Structures are given as C-alpha cells and as structure tokens.
Amino acid sequence: MGDFIGERSRQILFASWQHFSLVAQCLILATFIAVLIAVLVYRNKALAGIANGVSAVGLTVPSFALIGLLIVPFGFGVTPAVIVVTFFAALPILRNAIVGLNNIEPTIVESARGIGMSRLKTLVSVEIPIAWPVILTGVRISAQMVMGVAAVVSYALGPGLGGFIFSGLSRLGGANALESVVVGVVGVVILALILDLILLGIGRLTTPRGIRV
C-alpha cells in the first residue's frame, strides 16, 4: 500500500483536489438554488409541499441512473458530473431551508416590518439569518452525501477519486486493484471529514451570536 501511494502521490493529490473542488463548488451552487426556491415557496403551503415532495422523491433516484440519462445529451466529462452532484446536494438543503424559514416566529417578522423594513430587507436581514443554522445543517448533510455521489460520477469520466475506485473494481484480483479501491474510498472519507470541519467553522463565523447553539 505504501509503495502504491508513494508512486502515485501526485496523481492521488490531484484527484483529491478535483474531488474536493467539484463537491465544494456544486455545494455552493446547490445552496444558492435551494435557498432561492425555498424563499419563493415557503409562504405557500401547496408549493412548499410540492418542493418537499420533490426533495423526498429526488433522493430515491439512483445516481447511476441519472448519470446514464445525462450522458446522452451532455456526453462524458465534467458537465454531467456537475449536474448530478448539484442536483443531489440541493435536495436536503431545500427541505431544511423551507423548515427553517417556516419556523420563524411571525411576531419577529411583523416587528421588522413594523420598524419600516421592506419585505426584501426583512428576508435578507432577519429571516435568512435566523433560519441559517437549520439551512447550514442541510448543507452539512448534503456535503457528506454528495462526497460519495461525486465518486460515482467518475462513471461518466468526471473528476475525482472515483477513478481509483472504478479502476480497482474493474480489475479485482489484478495487481494493485485492492490498493486502488482503498485509496479511493479512504480518500473520500477523509475529504468528507475535512469539508465538514470547514462547514462547522463557517457556521461558527456566519451564525449570529444571539442564536448560536
């Protein structure tokens, strides 16, 4: 194992960076999309129910199946990888964003409006900051989930550590096959832990002190 890692250290580090970068960028995009949708629907029970239903059903879609469907119009490479990772990342964030916004006390919103805040300013300055810890919990859940999904998208020749996993599985019993799989799996776990620590730190920095748990 040591020889395998030593001989391919640059390749492993580069694949790890690609994997981490793919997940981080898709997570940012997914957070923006999910929060925007939540803001548009959370006040309407019917629309919020539809959004939650889509979120629940979306999580049952096999990532392999979605990748296979996207290969037809987009081909192999980064594009289907980004779409798949962003899609799965957005689902838990959307649900948590709706829950977080709905759980804000109406009196808080009324007080903000009462002192002259516009609807948009109330949303940006009051509602989203209060809901942010719940939203961030969804982001952390998504990060752990899509770290594994990002490995699967290597089936579509996407970037990341999944290449080591699929390469090893395709030649099990051959030289260095097991080592390749172990490096890929352990690497994904380590990256997931690092990203979670980063998100935990972001939560500490971005959560208003008055509502910090």
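Source: prediction; values computed, not measured.
How far CD1 of I37 is from CZ of F32: 10.5 Å, rounded to the nearest 0.5 Å. The CG atom of L191 sits 11.0 Å away from atom CG of L22, with the distance rounded to the nearest 0.5 Å. In this structure, the separation between CG on L101 and CD1 on I135 is 5.5 Å, given to the nearest 0.5 Å. I93 contributes atom CD1, which lies 5.0 Å from atom CG of L27 (distance to the nearest 0.5 angstrom). M147 contributes atom CE, which lies 5.5 Å from atom NE2 of H19 (distance to the nearest 0.5 angstrom). The CD1 atom of I50 lies 14.5 Å from the NZ atom of K45; values are rounded to the nearest 0.5 Å.
When the salt bridge (Lys or Arg N to Asp or Glu O under 4.0 Å) test is applied to E179, no partner is found at least two apart in sequence or on another chain. Qualifying side-chain hydrogen bond (donor to acceptor under 3.5 Å, both in side chains) partners for S118, counting only residues two or more places apart in sequence or in other chains: none. Legend: residues meeting side-chain hydrogen bond (donor to acceptor under 3.5 Å, both in side chains) with Q11, ordered by chain and number and at least two apart, are absent. The salt bridge (Lys or Arg N to Asp or Glu O under 4.0 Å) test applied to R113 returns no partner, not counting sequence neighbours. Shown here are the side-chain hydrogen bond (donor to acceptor under 3.5 Å, both in side chains) partners of Q18, two or more places apart in sequence or in another chain: there are none. With sequence neighbours left out, R10 forms a salt bridge (Lys or Arg N to Asp or Glu O under 4.0 Å) with no residue at all. Not a single salt bridge (Lys or Arg N to Asp or Glu O under 4.0 Å) links R95 to another residue, sequence neighbours left out.
The side-chain heavy atoms of I12 and F164, taken from C-beta on, include a pair separated by under 4.5 Å.
Under the 4.5 Å side-chain contact rule for hydrophobic residues, L161 and V186 share a cluster. Transitive grouping of hydrophobic side chains (ILVMFWY, heavy atoms separated by less than 4.5 Å) keeps V99 and I104 in distinct clusters. Taking hydrophobic clusters as Ile, Leu, Val, Met, Phe, Trp and Tyr residues chained together by side-chain heavy-atom distances below 4.5 Å, L123 shares a cluster with V35. No continuous path of ILVMFWY side-chain contacts below 4.5 Å connects I141 to V139, so the two sit in separate hydrophobic clusters. Criterion: ILVMFWY side-chain heavy atoms under 4.5 Å apart, direct or through other members. Under it, L94 and I33 are part of a common hydrophobic cluster.
Every pair tested for side chain to side chain donor-acceptor pair (under 3.5 Å) that includes a residue from residues 71-94 fails, sequence neighbours excluded, so the list is empty.
When all heavy atoms of G160 and S154 are compared, the pair lying nearest together is O-OG, 4.3 Å. Listed here is the closest heavy atom pair of T207 and P133: CG2-CG, 3.7 Å. Nearest heavy-atom pair across A112 and T122 is CB-CG2, 3.8 Å. Taking each heavy atom of P80 and G75 in turn, the nearest pair found is CG-O, 3.2 Å. Closest approach of N96 and G138 over heavy atoms only: ND2-N, 3.2 Å. In terms of heavy-atom proximity, I98 sits nearest to A51 at CD1-CB, 3.7 Å.
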Extract all donor-acceptor atom pairs below 3.5 Å that involve side chains of residues 53-72 and protein atoms in other chains or at least two apart in sequence.
unit_1	atom_1	unit_2	atom_2	d
S55	OG	L91	O	2.8
T60	OG1	V57	O	2.5

Please output the side-chain donor-acceptor pairs of residues 194-203 that fall under 3.5 Å, not counting sequence neighbours, one pair per line with the distance.
unit_1	atom_1	unit_2	atom_2	d
D196	OD1	R140	NE	2.9
D196	OD1	R140	NH2	3.3
D196	OD2	R140	NH2	2.9

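L193 belongs to a hydrophobic cluster whose other members, connected by ILVMFWY side-chain contacts under 4.5 Å either directly or through intermediates, are V189. Hydrophobic cluster of L120: the remaining members, joined at side-chain heavy-atom separations below 4.5 Å, are V124, listed by chain and number.
E127 has no carboxylate O lying under 4.0 Å from a charged side-chain N of K121, or vice versa, which leaves the two without a salt bridge.
Among V85, V153, I83, T31, the one residue that satisfies the side chain to side chain contact (heavy atoms under 4.5 Å, CB included) test with C26 is V85.
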